[in-house]
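These notes concern the structure reproduced below.
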Amino acid sequence: AAGETTVSNVAWSATAWGAMPWLTSTEIGWMNLDTQANGTLADLTGEDAADFDLPKKDGEYRLTHSAGGLMSFVYFKVSGTGAKVGSISNPWMVGGKPGDTVAAYVTDDGELVIGGKGEMGDQFVENPPWAKGKITSLTIGRDVKSIPDYAFFGYDSLSNVTFATGAQLESIGSHAFAACPNMEELEIPANVTNCGPAVIAGTPNVTVSADNKTFVIVDGVLCDVKSNKVISGLDAAVVTIPEGMVEIAECAFSTNGALTSVTIPATMMAIGKDAFKGCANLTNVFVRATEPPTLVQGAFADCNDGLKIYV
């Protein structure tokens with residue numbers, strides 16, 4: 001019907017009962033994950049069936065079916081004028097601990113959508129159930145609290161990451177978005193207070209929300225302004241680390257093939273393990289400190305044979 005989006009061939013995945021108390025034991029319900037608005041399919045269509053037309057309203061939804069004391073659900077996203085949600089079945093449960101309802105699915109056009117509530121687990125990282133080379137965009141729901149180490153490392157085709165309005169994300173693990181060379185847009189949300197080392201190493205076009213009080217990006221460097229620590233480089237060729245930074249995290253710039261020159265400020269006290277490891281084109285490091293910073297094992301391992309460090 002005009003102004004509606006079809007969702008069909010829904011297959012259910014069981015989880016604990018109780019998250020949608022407004023449903024009876026035979027109803028199919030929906031929830032908008034941004035607004036928490038909820039209801040039954042009868043509210044939307046007058047039909048209580050697995051194949052239905054959802055009124056076209058932008059947002060991320062959870063479709064729920066309850067029966068026999070168990071509740072089952074899938075997640076799907078509705079966005080853009082005329083957008084169609086294809087057949088979505090068997091979403092993958094990717095929660096990190098009991099009680100987390102984080103689930104994921106992939107649309108026909110290569111968008112990986114992760115919704116639900118709680119922490120993402122690391123069970124999908126090494127062998128994801130989706131084809132990582134075909135993921136072109138990523139959408140993460142409002143109530144996802146954390147992203148694990150290496151979650152999207154090396155996603156060569158990933159170009160856009162979108163976090164839901166009011167994202168409650170607090171933590172992004174080490175290397176989680178590193179080595180994504182075709183990234184066009186990724187903004188670290190306002191509520192993120194923890195980013196692991198090398199979280200965006202080698203990835204271009206990353207920004208930080210203006211409302212974030214912990215992190216800033218200056219001259220291609222992600223800095224923790226509360227601890228005065230360099231967390232990660234991006235993909236810049238020439239980097240000047242801001243004055244006031246006292247430490248470079250382990251692996252912060254590792255394997256950045258574009259990096260050719262780094263200037264380290266007078267305030268720097270320590271350079272972490274493997275901080276610049278594998279920067280094959282790094283030829284010049286300028287250290288402004290009168291007392292050279294402490295180097296941890298492998299800080300400049302496997303760099304250009306002609307590397308010169310000026311103190």
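On a predicted model such as this, the values are computed, not experimentally measured, just so you know.
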Side-chain touch [X]/[Y], heavy atoms, less than 4.5 angstrom:
{"X": "V230", "Y": "I241", "value": "yes"}
{"X": "V239", "Y": "L259", "value": "yes"}
{"X": "C251", "Y": "H175", "value": "yes"}
{"X": "I135", "Y": "F152", "value": "no"}
{"X": "V144", "Y": "K117", "value": "no"}
{"X": "I188", "Y": "S209", "value": "no"}
{"X": "V106", "Y": "V113", "value": "no"}
{"X": "V199", "Y": "S174", "value": "no"}

Check whether [X] reaches the backbone of [Y] with its side chain - one donor and one acceptor, N or O, closer than 3.5 Å.
{"X": "N212", "Y": "F215", "result": "yes"}
{"X": "N304", "Y": "A280", "result": "yes"}
{"X": "S232", "Y": "A201", "result": "yes"}
{"X": "Q168", "Y": "G166", "result": "yes"}
{"X": "K97", "Y": "M120", "result": "no"}
{"X": "T203", "Y": "L234", "result": "no"}
{"X": "T267", "Y": "M245", "result": "yes"}
{"X": "Q123", "Y": "G95", "result": "yes"}
{"X": "S159", "Y": "M183", "result": "no"}
{"X": "D122", "Y": "A151", "result": "no"}

Between [X] and [Y], is there shared hydrophobic-cluster membership here, with clusters defined by ILVMFWY side-chain heavy atoms closer than 4.5 Å?
{"X": "F124", "Y": "L112", "answer": "yes"}
{"X": "V221", "Y": "V216", "answer": "no"}
{"X": "V262", "Y": "L295", "answer": "yes"}
{"X": "L222", "Y": "M268", "answer": "no"}
{"X": "L138", "Y": "W130", "answer": "yes"}

- Task: Take the angle between the ring planes of F177 and F163 and call it parallel below 30°, perpendicular above 60°, tilted in between.
- Result: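 F177 vs F163 ring planes: perpendicular.
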- Query: Relative to the ring of F253, is the ring of F276 parallel (under 30°), tilted (30 to 60°) or perpendicular (over 60°)?
  - Reply: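 Ring orientation of F276 relative to F253: parallel.
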Looking only at heavy atoms, what is the nearest atom pair of [X] and [Y], with distance?
{"X": "S157", "Y": "G133", "result": "OG-O, 2.8 Å"}
{"X": "V246", "Y": "S227", "result": "CG2-O, 4.0 Å"}
{"X": "A275", "Y": "A249", "result": "CB-O, 3.8 Å"}
{"X": "G272", "Y": "V296", "result": "C-CB, 3.8 Å"}
{"X": "N256", "Y": "A236", "result": "ND2-O, 3.4 Å"}
{"X": "A258", "Y": "D235", "result": "CB-O, 3.4 Å"}

Enter the distance from [X]:[atom1] to [Y]:[atom2] here, rounded to the nearest 0.5 Å.
{"X": "T260", "Y": "N284", "atom1": "OG1", "atom2": "CG", "value": "7.5 Å"}
{"X": "D224", "Y": "I231", "atom1": "CG", "atom2": "CD1", "value": "5.0 Å"}
{"X": "T207", "Y": "E187", "atom1": "OG1", "atom2": "CD", "value": "4.5 Å"}
{"X": "N228", "Y": "M269", "atom1": "CG", "atom2": "CE", "value": "11.0 Å"}
{"X": "I271", "Y": "E250", "atom1": "CD1", "atom2": "CD", "value": "14.0 Å"}
{"X": "N127", "Y": "K132", "atom1": "CG", "atom2": "NZ", "value": "10.0 Å"}

- Which is it for I140 and T162 under the side chain to side chain contact (heavy atoms under 4.5 Å, CB included) test, yes or no, and what are the steps along the way? CA-CA 6 Å; I140 297 180; T162 301; over 6 Å; no
- Message: Under the criterion side chain to side chain contact (heavy atoms under 4.5 Å, CB included), I'd like the reasoning laid out for V125 against D149: C-alpha separation, chi angles, the key distance, then a yes or no.
- Response: CA-CA 8 Å; V125 172; D149 295 349; over 6 Å; no
- Item | Over 12 foreign heavy atoms within 6.0 Å of CD, E185 |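 No.
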- Message: Would you say that more than 12 heavy atoms from the other residues, nucleotides or ligands in this model lie under 6.0 Å from the NZ of K273, or not?
- Response: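 Not more than 12 within 6.0 Å, no.
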- Verdict with reasoning, L169 to K145, per side chain to side chain contact (heavy atoms under 4.5 Å, CB included): CA-CA 4 Å; L169 187 70; K145 296 290 188 180; 5.8 Å; no
- Using a distance-only test with no angle check, is there a side-chain donor-acceptor pair under 3.5 angstrom linking S137 and N160?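 No.
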- Are a donor atom and an acceptor atom from the side chains of E111 and T136 found within less than 3.5 Å of each other?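 There is no such pair between these side chains.
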- Message: For a side chain to side chain contact (heavy atoms under 4.5 Å, CB included) check, start with the C-alpha distance between T139 and I114, then their side-chain angles and the critical distance, and finish with the verdict.
- Response: CA-CA 6 Å; T139 298; I114 299 175; over 6 Å; no
